[in-house]
Amino acid sequence: MSEMQEKKPRVRTEMSPDGDMIRRVREINDRAADETGVRPAAFVLTFGCQQNEADSEHIAGMCRDMGYTVTDTPEQAALIMVNTCAIREHAEKKALSIVGQYKHLKAKNPSLLIGVCGCMVAQEHRREQLKHSYPYVDFVFGTTVLHQFPALLYDKMQSGRRRFCADVADHVVPENMPVVRESGYRAWVSIMYGCNNFCSYCIVPYVRGRERSRRREEIVAEVKELVNSGYRDITLLGQNVNSYAKGSDWGYDFADLLAALDAIEGDFTLRFMTSHPKDASSHLIDVMARGKHIAHHFHLPMQSGSDAILKKMNRHYDRARYLAIVKELRERIPDITLTSDIIVGFPGESEQDFEDTLDMLRTVRFDMLYSFIYSARKGTPAAEMVQIPPEVQGARFDRLLALQNEIAAEKNIALVGQTVRVLCDGASKNDENYCSGRTDGNKIVLFHGDAKALTGQFVWVKIDRAEPFALYGELRK
Ligand code: 5AD
Ligand code: SF4
């Protein structure tokens with residue numbers, strides 16, 4: 001990843017996929033469709049975070065424009081794209097194992113093309129591994145060059161040569177990207193790319209490059225169009241949305257962007273993730289408190305409750321600062337839902353450091369936590385520190401979950417008797433007798449109703465029962 005660490009000039013280029021390349025691939029696929037009577041299909045598999053899901057929707061969009069249908073069965077595909085994650089070792093292992101399974105598909109169908117993209121392959125050692133140990137992988141490119149996908153695919157189709165793109169274009173801001181969205185009512189909107197924070201455990205700044213933001217006009221236009229075409233729930237995405245437009249001379253920041261989006265007319269909810277406590281401002285909390293459309297939900301990764309560990313993580317805040325933000329949020333927005341990310345077993349975490357994290361959980365009482373066992377990432381500073389034995393990490397992780405489950409259950413019980421607004425996602429996957437949906441605070445609610453008619457609609461549900469991970473209730477007319 002050495003190429004990522006070089007100092008680059010602060011340029012920023014808006015870029016779209018090459019229309020000529022898209023047209024040329026489409027011509028090849030049109031001919032194939034004419035000859036065989038079947039249009040070639042593309043299968044896109046996604047690992048990792050919402051940013052990757054958003055990227056995959058653009059991959060699917062480019063595939064559609066290049067003349068593919070989009071399929072959800074890899075066996076029927078003429079093109080398989082695996083969009084990978086690198087945040088923890090487990091994510092990389094899963095992606096490599098799936099790519100390994102596609103060897104058999106390629107053996108059955110030698111004309112099948114397999115592309116691997118995303119965060120994992122932005123690392124040189126993983127590109128090398130794919131090049132040498134996965135000879136049936138045809139082309140590879142990292143997250144910063146998503147717009148080059150049509151050109152890489154066309155090159156492979158024409159020349160037959162495998163392509164392992166090592167380009168890092170972390171000055172690029174993609175615009176006018178084709179898109180096929182998974183949902184007709186929930187949408188992701190990337191507002192910025194990359195990260196400058198270099199938290200000592202995190203691979204993201206190396207694989208996604210430096211921070212760069214989209215212009216407010218472009219984002220407002222995209223959100224307006226989404227609202228006008230019936231989208232009800234719009235999540236603004238960035239690794240650290242609070243530093244949106246930082247360092248620019250645009251004269252506006254994230255809170256101003258949010259206020260501009262909140263002013264759009266229509267029936268919709270705005271969310272954003274992820275925030276960094278060091279940049280969460282009173283201005284932002286004020287815009288949220290006054291907002292018409294902004295969900296009363298704040299996802300504020302704390303990572304650890306120990307000041308010593310936060311320092312080693314390079315997080316630039318301490319317990320006191322974190323608690324001050326929580327206090328301000330709860331004073332200004334009393335019904336705010338608070339969620340967080342926690343890393344357990346960071347190098348050097350003592351029993352007392354871990355107790356400090358549990359203490360913060362008891363003090364803040366998060367509605368929900370995303371907790372992770374620390375995973376050493378090659379090339380990051382924390383990977384060089386003295387590691388905690390896995391059995392200690394595992395035992396602490398279990399203790400953290402047990403405490404959080406108690407807190408979440410109590411917080412959910414407190415909602416019994418309340419009537420909450422829910423965006424319906426259709427029939428519950430676990431129990432078809434129920435409709436499932438999410439509150440403004442992103443809590444899952446199960447209720448009886450006509451799943452078909454209610455999917456994508458806001459409904460009001462009176463909560464009558466609470467489980468640790470779901471609320472149950474009845475529809476209110
Ligand atoms: N190990 C474990 N968890 C990690 N995260 C980021 N890097 C690592 C790592 N090396 C977690 C952080 C972050 C979330 C998206 O993933 O909690 O907020
Ligand atoms: Fe990783 Fe920290 Fe950037 Fe989040 S803010 S992406 S945890 S480096």
Side-chain angles (χ1 to χ4, degrees), residues 43-46 50 53-54 56-57 60-61 64 69-73 76 179-189 222-237 261-262 264-273 291-297 299 335-337 339 367-368 408-409 411-477:
F43 172 70
V44 184
L45 182 65
T46 313
Q50 290 83 359
E53 289 186 24
S56 284
E57 293 186 344
R64 178 203 55 204
T69 56
V70 179
T71 174
D72 48 17
T73 32
Q76 288 174 0
V179 62
V180 173
R181 295 189 190 270
E182 283 271 325
S183 161
Y185 56 94
R186 289 190 194 272
W188 311 117
V189 174
E222 182 172 347
V223 171
K224 265 190 189 157
E225 197 184 313
L226 286 167
V227 170
N228 289 339
S229 43
Y231 281 85
R232 294 277 175 263
D233 187 283
I234 293 164
T235 305
L236 310 176
L237 292 181
L261 296 171
D262 188 58
I264 295 173
E265 294 290 326
D267 191 14
F268 69 100
T269 300
L270 274 174
R271 308 175 180 282
F272 55 88
M273 66 190 319
K292 269 198 318 219
H293 299 291
I294 306 165
H296 285 184
H297 175 203
H299 181 65
D335 64 345
I336 192 92
T337 298
T339 58
D367 291 87
M368 205 191 345
K411 294 211 76 158
N412 279 354
I413 285 169
L415 288 173
V416 172
Q418 291 190 22
T419 299
V420 293
R421 193 174 76 150
V422 172
L423 180 56
C424 178
D425 287 308
S428 160
K429 291 199 177 72
N430 299 327
D431 185 345
E432 296 261 318
N433 291 317
Y434 284 99
C435 290
S436 165
R438 285 184 184 262
T439 64
D440 260 20
N442 232 6
K443 295 196 183 201
I444 296 173
V445 178
L446 299 169
F447 54 96
H448 292 292
D450 179 349
K452 229 179 180 161
L454 296 179
T455 301
Q457 304 291 321
F458 285 118
V459 293
W460 290 90
V461 178
K462 179 154 190 224
I463 304 300
D464 53 29
R465 186 154 66 86
E467 303 278 341
F469 300 108
L471 299 160
Y472 289 79
E474 293 303 326
L475 269 182
R476 286 281 127 134
K477 294 287 173 286

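Quick note: residue numbers are just sequence positions, from 1. As a basis for the values below, the full set of heavy atoms in this structure was taken, side chains included, without hydrogen atoms, waters or symmetry mates.
- Looking at every heavy atom in both residues, Ile294 comes nearest to Phe272 through CG2-CE2, 4.3 Å.
- Looking at Glu182 and Glu53, their side chains never come closer than 4.5 Å, going by heavy atoms from C-beta outward.
- Interatomic distance, Gln457 CD to Arg232 CZ, rounded to the nearest 0.5 Å: 6.5 Å.
- Nearest heavy-atom pair, Ile444 versus Ser436, reported as atom, atom and distance to 0.1 Å: CG2-OG, 4.1 Å.
- If you run side chain to side chain contact (heavy atoms under 4.5 Å, CB included) between Glu57 and each of Val179, Val44, Val180, Thr46, only Val179 comes through.
- Two residues are said to be in side-chain contact when any heavy atoms from C-beta on lie closer than 4.5 Å; His297 and Thr339 meet this criterion.
- Looking at heavy atoms from C-beta onward, Asn442 lies in side-chain contact with Arg271 at the 4.5 angstrom threshold.
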- [ ] Report the C-alpha separation of Met273 and Thr235 in whole Å, then their side-chain angles, then the decisive distance to 0.1 Å, and conclude whether the side-chain contact (heavy atoms from CB on, under 4.5 Å) test is met.
- [x] CA-CA 7 Å; Met273 66 190 319; Thr235 305; 4.2 Å; yes
Open item on the list: Show, in sequence, the C-alpha distance, side-chain angles and deciding distance for Leu475 and Leu454, and conclude whether the side-chain contact (heavy atoms from CB on, under 4.5 Å) test is met.
Closed with: CA-CA 11 Å; Leu475 269 182; Leu454 296 179; 3.8 Å; yes
Can you give the donor-acceptor pairs under 3.5 Å from side chains of residues 423-430 to other protein atoms, not counting sequence neighbours?
residue	atom	partner	partner atom	Å
Asp425	OD1	Tyr185	OH	2.8
Asp425	OD1	Arg186	NE	2.9
Asp425	OD1	Arg186	NH2	3.2
Asp425	OD2	Arg186	NH2	2.8
Ser428	OG	Asn430	N	3.2
Ser428	OG	Asp431	N	3.2

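- Expressed to the nearest 0.5 Å, how far CD of Gln76 lies from OG1 of Thr71 amounts to 4.5 Å.
- Atom CZ of Phe458 sits about 3.5 Å away from atom OG1 of Thr269, to the nearest 0.5 Å.
- Nearest heavy-atom pair across Trp188 and Leu237 is CB-CD1, 3.7 Å.
- Under the 4.5 Å side-chain criterion, counting only non-hydrogen atoms from C-beta, Tyr231 is not in contact with Val189.
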N/O donor to acceptor pairs below 3.5 angstrom from side-chain atoms of residues 459-474, sequence neighbours left out:
residue	atom	partner	partner atom	Å
Arg465	NH1	Glu467	OE2	3.0

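- Screening residues 435-451 for salt bridge (charged side-chain N to carboxylate O under 4.0 Å, His left out), with sequence neighbours left out, gives Asp367-Lys443, Arg421-Asp440.
- Between Leu261 and Leu236, some side-chain heavy-atom pair lies under the 4.5 Å cut-off.
- At least one donor-acceptor pair under 3.5 Å links the side chain of His293 to the backbone N or O of Phe268.
- Nearest approach of Lys292 to Glu265, heavy atoms of both residues: NZ-OE2, 4.5 Å.
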